[in-house]
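One structure below.
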Amino acid sequence: MDTFPCTSCGLCCKQLGDVLKHGSDNPIIQELIDRFPYKPNLDGSCPKLDDQNRCSVYNNRPIICNIKLVAILLNQPIEERFKLNIEACNAMILSAGLDKSYLI
């Protein structure tokens, strides 16, 4: 798998405020969270999320939003990082009660 199979549910971007607030136990991930350049909207969503659940700054997105770069920084195989993100995405999708067509 060369690219992450995102289904554009938008949940990761819609829950930005929670991610920034809760942080991470991993110091590298925490540093990336601390450097996130955008302030969440009042509803906790990323201000760069457009009305089609897509990132309006995708080609210049913050590192924390780039799964491949995060894998490199963590010295982790990309396939392993993809697997972890797929599990997290599917858990969020199920928890939010979204249509199962969004599952990866």
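Only heavy atoms go into these numbers, but all of them, side chains included; no hydrogens, no water, no symmetry mates.
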With a 3.5 Å cut-off and sequence neighbours excluded, list the donor-acceptor pairs that the side chains of residues 80-90 form with protein atoms.
unit_1, atom_1, unit_2, atom_2, d
Glu80, OE2, Gln76, NE2, 3.1
Arg81, NH1, Gln76, OE1, 3.1
Asn90, OD1, Ile104, N, 2.7
Asn90, ND2, Ile104, O, 3.0

Less than 3.5 Å apart, which donor and acceptor atoms pair up between the side chains of residues 3-11 and the rest of the protein, not counting sequence neighbours?
unit_1, atom_1, unit_2, atom_2, d
Thr7, OG1, Tyr102, O, 2.6

Exercise. Evaluate the criterion side-chain contact (heavy atoms from CB on, under 4.5 Å) for residue pair Ile93 and Asp99; output intermediate values, then yes/no.
Key: CA-CA 8 Å; Ile93 290 164; Asp99 188 282; over 6 Å; no
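Using a distance-only test at 3.5 Å, with no hydrogens or angles considered, a donor-acceptor pair links the side chain of Asp50 to the main chain of Asn53.
Within the 4.5 Å cutoff, no side-chain heavy atoms of Lys68 are placed close to those of Ile63. Residues Met92 and Cys12 are in side-chain contact: their nearest non-hydrogen atoms beyond the backbone lie under 4.5 Å apart. The side-chain heavy atoms of Arg54 and Leu49, taken from C-beta on, include no pair separated by under 4.5 Å.
Residues Ile33 and Ile67 are members of separate hydrophobic clusters, defined by side-chain heavy-atom contacts under 4.5 angstrom among Ile, Leu, Val, Met, Phe, Trp and Tyr. Taking hydrophobic clusters as Ile, Leu, Val, Met, Phe, Trp and Tyr residues chained together by side-chain heavy-atom distances below 4.5 Å, Ile78 does not share a cluster with Leu69. Cluster membership check: Val70 shares its hydrophobic cluster with Val19, using side-chain heavy-atom separations under 4.5 Å among Ile, Leu, Val, Met, Phe, Trp and Tyr. Placement of Ile72 and Ile29 within a single hydrophobic cluster is found when ILVMFWY residues are connected by side-chain heavy-atom separations under 4.5 Å, directly or transitively.
For the atom pair NZ of Lys48 and SG of Cys55, the computed distance is 8.5 Å after rounding to the nearest 0.5 Å. For the atom pair CD of Gln15 and SG of Cys46, the computed distance is 13.0 Å after rounding to the nearest 0.5 Å. The CG atom of Leu32 lies 6.0 Å from the CG atom of Leu73; values are rounded to the nearest 0.5 Å. Atom-to-atom distance recorded for Ile64:CD1 and Leu20:CG is 9.0 Å, nearest 0.5 angstrom. To the nearest 0.5 angstrom, Cys65 atom SG is 7.5 Å from Leu16 atom CG.
No more than 12 heavy atoms of other residues, nucleotides or ligands lie within 6.0 Å of CG in Asn75, so this atom counts as exposed by the packing criterion. Annotation: Tyr58, atom OH; neighbour count of heavy atoms from other residues, nucleotides and ligands within 6.0 Å does not exceed 12.
Residues Pro40 and Pro47 approach most closely at CA-CD, 4.2 Å, considering heavy atoms.
A donor and an acceptor atom, one from each side chain of Gln30 and Asp34, are located under 3.5 Å apart. Residues Ser45 and Asp43 bring a donor and an acceptor atom of their side chains to less than 3.5 Å of each other.
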